[in-house]
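The structure appears below as structure tokens.
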Amino acid sequence: MDLDKQYNSKEVETKWYSLWESKGYFRPQSDEKRGLRARDSSLGKVPHESLGTSPERRPYVIVIPPPNVTGILHMGHALNNSIQDILVRWNRMKGRDTLWVPGVDHAGIATQNVVEKKLAKEKKTRWDLGREKFLKEVWKWKEEHGSTITRQLRRLGASCDWSRERFTMDEGLSKAVREAFVTLYEKGLIYRGNYIINWCPRCETALSDEEAAHKDVQGGLYHIKYPCLPAGRLSSEVRGPYEKMGEDHIVVATTRPETMLGDTAVAVHPDDPRYKHLIGQKVILPLMEREIPVIADELVDPEFGTGIVKVTPAHDPNDFAIGHRHKLEQVNVMTPDGKINENGGAYKGMDRFEARKKILHDLEERGLFVRRDSHLHAVGHCYRCDTVIEPYLSKQWFVKMQPLAEKALKAHEQGKTVFYPDRWTKVYTNWLRNIRDWCISRQIWWGHQIPAWHCSQCQAAGLASRTSGLDKREIQTSPESRVPSNDGIIVAREKPGKCPRCSSKDLVQDPDVLDTWFSSWLWPFSTLGWPEKTDDVKKFYPTSDLITAPEIIFFWVARMIMAGLEFMGEVPFSRIYIHGTVRAATGLKMSKSLGNSIDPLEVIEEMGADALRYSMIMLSSQDVFLSREKFEVGRNFANKVWNACRFVLMQIADLKEASADPKQFERSALSLPSRWILSRLEEKSAGIERHLAQFGLAQAATELYHFVWDDFCDWYIELAKPMIQSEDPAVKLQTQKVLFFVCERILRLLHPFVPFITEEIWQKFKERAVDGKTWPESIMLAAWPHDGKKQFHDAAAQKAVGFLQDAVTGIRDLRVRFQIAPTDKLKAVVVCKEKGTQEVFKAFEREVKTLGRLAELQCVREFQKKGAMAANSFAAFDVFISLEGILDPEEEKKRLQKKIRETEQWIEQILKKVGNPSFAEKAPKEILEKEKEKLEDAKKLLVSYKTQLASF
RNA sequence: GGGCAGUUAGUUCAGUUGGUUAGAACGCUUCCUUGACAUGGAAGAGGUCAGAGGUUCGACUCCUCUACUGCCCACCA
């Protein structure tokens, strides 16, 4: 019946989570076939309030950011999912139908890398296995390891509907991907083109702009001489000019010398007076000994470097653009794995960085190397493997983003998407306004293969573009327009039987797969069954809130909104809560590679999931800086709650009428402390509700923490102790009832934050209650205990308990100050003029005596000194204790004088404020009143101090 | 280069639309193994609210500038 002395978090957590899940509590209420959470059935009916006080009738739905299948739960996830779970549990308790769809994405590149690494240990590559076998390996890996993170989410207490768990490679979601791709293609929003993209030579795949992480790198800016070619002096002496070049050269500056092998021009600014005469001339590209023209382009910044740029259209996005304008040849000098190819002459086969060294060396030998400046510049790195990205010309699939972004912007203008906190709105809209096309093809195998088929017949017939092979990303010598090209390509939802043009059956599917985000951006509706017209789609789309970290706004949030608008005609969610980033105490991002990460699972093992959750939430008002000790706050709090409830259960052992019904209380029958705690409870519930409604989880958690610890444990329970000992059985009974009532409500308020411990305790409360059989089976199905009513509000009780707290604190202060042993029972005198205050102390005699450990408490109107006494003064009263033989009068005088000085200063300050004529004129009345009250209080205090001082 | 945050007690942070003598947690000092809890209780010390101006009767709060820290974005070779 009673709680164990020690809270066993591990046991409790496993017990309740499996019960909740097996009973189907995580499923939406509307899944009626399960017969669960039926409000009106005798099982689920809550006696004290009706469930469903929420005016919101739509279901509460959130989409979990799919964690990556290769990942494990890190602190960022723990925070994110704690927040989501709190919101879901809170809304569920408010009676809303709730749905939380969990799942993971297939993390194309990351997962493939993991499996390839495994193969590498057996000295095998994916090519050795071939596509089909390799994919089998990946699936096998996924079956074995892919559920780690979802298991960990359970440990955290996440109340996801696991029966609806999804994976981006599921058949249903794959179908959604194909549908989305084909639809966009048919609308002309997907095209295939030859562009400079971010290429990872290690993963050998294209990356989107978002997947290229730019980092500042201290590199070199190399100055290199390109010999000029005077007209008429050309091919005969190719090598000759180098030696006697004299002034006949120009100097270009570059950070990537190895790309010079692919230079097809040199550019200057058209208005640069230094170089105007060169435009139209030719220079020799050293090492390759090619003749290349000097052209003029606005893009060149005359201020940077030498003002002359080498143009490599196949290896730099700017140069690509310049090359496009000037119809330059594009010479690709690199292989997909970052080596120099056959276009690189003597450097063929060298690694790009090795080639750089060799080229610089060779240039130096020929006297063409001028100098190296140290240069800090941003270099793209693969976000998965951190390899330096190579801007690379290749044929890829793209999504035309502008039309999609415009819809999203319009929706935002109509107020359909709101960011919390508001400042992220600008980040979001700026990105949308400057959006660039999205490269969605990846040259890997793990993922959704692009639903496009190439007809060999058509391509052979020359109808096709210059694509000759599928796997070779060969050089394209002329830029293509961004118009979708149908040549030899058939895009379809399923594999076509034959080519619609030539009826050939020789069709080969495009080997590329889609960017993982191309499936993730459909998540809010693909997980509900789209493109099928399922009941779930109808009922749960659009969803309610999206909770995520800032780094994912572009990757995911913006794209989901665009997809929602495009495919569903409606934004996928209207509120977007961006929470802080979890960092190590040093301020760095937590990451395993830095060795500064804290494993949430370890924290759960050590302190419990509730402790982890509560600590994180309390810290989450902005970026969360973590260290192990920070979790002690939550652990200590959980322990406090446990023990307070244990105490309550012990105190009500003989209580027969324990109930959660608020109607059982008649104010006139209640003691002041009981009236006070009920009033506070109501007040705090409202505050917590207010905070939760606008994602103020940290404030809500902090407010609850202090209410439970300070108000309930430190004061109410302490006040209740003497009341329970009361000889008046009515007082005792009433106190027991209030203890039970308030504590049960606290459990419900706490439940969204600390689900496990509250369930464990609440079940004991349910056993104890007379009407326990009519309570719901689980606290997670109980009603949220705030209904907006103000039935317990009690200003008088709050004021009275305020006096009591002051008096007790005042006495305790005196005890400590004069080092009086706790066992010494003192005599104390309260001096107060107002009758109301006197009555309060008369009513509180027993309580003050207990809490202040007094033998005797007197309450008088006028102060009469009897021997050595010391006092603490408050505006409404003074409290004295006798200190025969302990008090040092001189010390006490000094202290009083100091107090008097302080109080005088305070009064002066107020007078200055109130005395200002403009203040009286302009300040609001309430403020004026407040200031006057303050002044009164200060004056009373001053009188007290002076009276005391005079008595010495 | 552009943008956005932050700067409050020894440390980590609160501080709601300007209006209590600026708060909490941890740490620190003193005391307490009083039958819910030492993962506890009581009391206390500790702050020119980054700096400089401005608006105002009144600024931690609003505005401007400066300094430092952090984050995001950006094609300057």
Side-chain angles (χ1 to χ4, degrees), chain A residues 3 5 7 196 214 221 252-256 259 267 299-301 303-306 308-312 316-321 375 377-378 391 421 423-424 426-427 430-431 434 550-551 553-554 581 583 585 587-589 607 611 618-619 621-623 625 627 629-630 632-651 690-691 696 698-699 702 705-706 713-714 717-718 721 808-809 812-817 819-823 851 853 902-903 905-906 909-910 912-924 926-928 930-931 933-934 937-938:
Chain A
L3 296 171
K5 178 123 202 206
Y7 171 57
I196 297 276
H214 286 269
L221 184 62
V252 301
T254 179
T255 53
R256 291 189 300 151
T259 63
L299 209 68
V300 179
D301 177 4
E303 304 292 311
F304 189 87
T306 59
I308 307 180
V309 182
K310 61 192 257 329
V311 183
T312 324
D316 184 278
N318 282 330
D319 295 5
F320 178 80
H375 181 61
H377 61 141
R423 66 168 181 277
W424 296 106
K426 233 164 91 186
V427 177
N430 274 346
W431 187 75
N434 303 309
E551 53 263 31
I553 292 177
F554 306 135
T581 306
R583 295 170 198 289
L588 289 169
K589 221 174 185 170
M607 312 202 186
M618 282 186 83
L619 291 167
S621 54
Q622 46 177 259
D623 279 5
F625 291 80
S627 58
E629 308 82 68
K630 295 213 172 171
E632 286 169 13
V633 181
R635 180 200 58 182
N636 294 356
F637 184 55
N639 179 259
K640 190 74 179 175
V641 169
W642 181 260
N643 281 296
C645 293
R646 199 159 71 90
F647 173 78
V648 170
L649 286 172
M650 283 162 69
Q651 294 312 307
R690 223 179 24 250
H691 289 307
Q699 290 100 310
T702 308
Y705 178 93
H706 285 112
C713 294
D714 287 349
I717 286 188
E718 292 310 316
K721 283 174 185 171
V808 172
T809 310
R812 286 168 174 171
D813 174 46
L814 292 171
R815 295 193 84 105
V816 172
R817 192 137 47 83
Q819 301 192 332
I820 298 158
T823 41
L851 299 182
R853 306 189 149 272
E902 279 171 13
T903 314
Q905 272 170 20
W906 184 24
Q909 212 176 315
I910 302 169
K912 203 172 137 195
K913 200 171 184 179
V914 181
N916 190 321
S918 313
F919 175 78
E921 201 181 305
K922 290 181 186 172
E926 308 152 31
I927 302 295
L928 197 69
K930 258 192 193 171
E931 290 296 326
E933 258 175 57
K934 257 172 23 183
D937 286 356

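Predicted, not measured: the structure shown is a model, and the values here were computed from it.
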Could you state the [atom1]-[atom2] distance from [X] to [N], rounded to the nearest angstrom?
X: A/Leu619; N: B/U11; atom1: CG; atom2: P; answer: 17 Å
X: A/Ile910; N: B/G58; atom1: CD1; atom2: P; answer: 17 Å
X: A/Leu928; N: B/U20; atom1: CG; atom2: P; answer: 13 Å
X: A/Gln699; N: B/G23; atom1: CD; atom2: C1'; answer: 14 Å
X: A/Asn430; N: B/C72; atom1: CG; atom2: P; answer: 16 Å
X: A/Phe919; N: B/G19; atom1: CZ; atom2: P; answer: 12 Å
X: A/Glu551; N: B/G70; atom1: CD; atom2: P; answer: 18 Å
X: A/His691; N: B/U16; atom1: NE2; atom2: C1'; answer: 8 Å

[N] OP1/OP2 closer than 4.0 Å to side-chain N/O of [X]:
X: A/Ser621; N: B/A14; value: yes
X: A/His375; N: B/A77; value: yes
X: A/Lys934; N: B/U21; value: yes

May I ask you to decide whether A/Lys930 forms a salt bridge with A/Glu933, counting only side-chain N to carboxylate O separations under 4.0 Å?
-> no

Excluding sequence neighbours, so at least two apart, what forms salt bridge (charged side-chain N to carboxylate O under 4.0 Å, His left out) with A/Arg817?
-> A/Asp813, A/Glu892

Locate the shortest heavy-atom distance separating A/Ala938 from A/Thr903; write the atom from each residue and the value.
-> O-CG2, 3.5 Å

Could you please name the option among [options] that lies closest to any side-chain atom of [X]?
X: A/Trp906; options: B/G19, B/U21, B/G3; answer: B/U21
X: A/Val300; options: B/G3, B/G19, B/A77; answer: B/A77
X: A/Thr254; options: B/A77, B/A25, B/U21; answer: B/A77
X: A/Asn318; options: B/G19, B/G3, B/C76; answer: B/C76

Please work out which of the three classes, parallel, tilted or perpendicular, describes the rings of A/Trp431 and A/Phe554, given edges at 30° and 60°.
-> parallel

Looking for any heavy atom pair under 4.0 Å, which part of the strands does A/Lys630 touch: base, sugar-phosphate only, or nothing?
-> sugar-phosphate

Contact class for A/Asp301 (heavy atom, under 4.0 Å): base, sugar-phosphate, or nothing?
-> base

Report the C-alpha distance between A/Asn643 and A/Asn639 in whole Å, list the side-chain angles of each, state the deciding distance to 0.1 Å, and finish with yes or no for side chain to side chain donor-acceptor pair (under 3.5 Å).
-> CA-CA 6 Å; A/Asn643 281 296; A/Asn639 179 259; 3.3 Å; yes

Find the partner of [N]: check Watson-Crick (N1-N3 plus N6-O4 or O6-N4) and G-U wobble (N1-O2, O6-N3) distances, both under 3.5 Å, and reply none if neither fits.
N: B/A42; answer: B/U30
N: B/C62; answer: B/G54
N: B/G70; answer: B/C4
N: B/A77; answer: none

Ranking A/Pro317 and A/Val633 by the position along RNA chain B of their nearest nucleotide, the one closer to 5' is A/Val633

Using side-chain contact (heavy atoms from CB on, under 4.5 Å) as the criterion, list what pairs up with A/Thr702, not counting sequence neighbours.
-> A/Met618, A/His706

Mind checking whether A/Val808 and A/Arg812 have side chains closer than 4.5 Å, heavy atoms only?
-> yes

Could you give the distance separating B/C32 and B/G6 at their P atoms, to the nearest angstrom?
-> 45 Å

Heavy atoms under 4.0 Å is the rule here; annotate nucleotides 31-43 of chain B 5' to 3' with B where the base is hit, S where only the sugar-phosphate is, and - elsewhere.
-> -S-B-BB-BSSSS

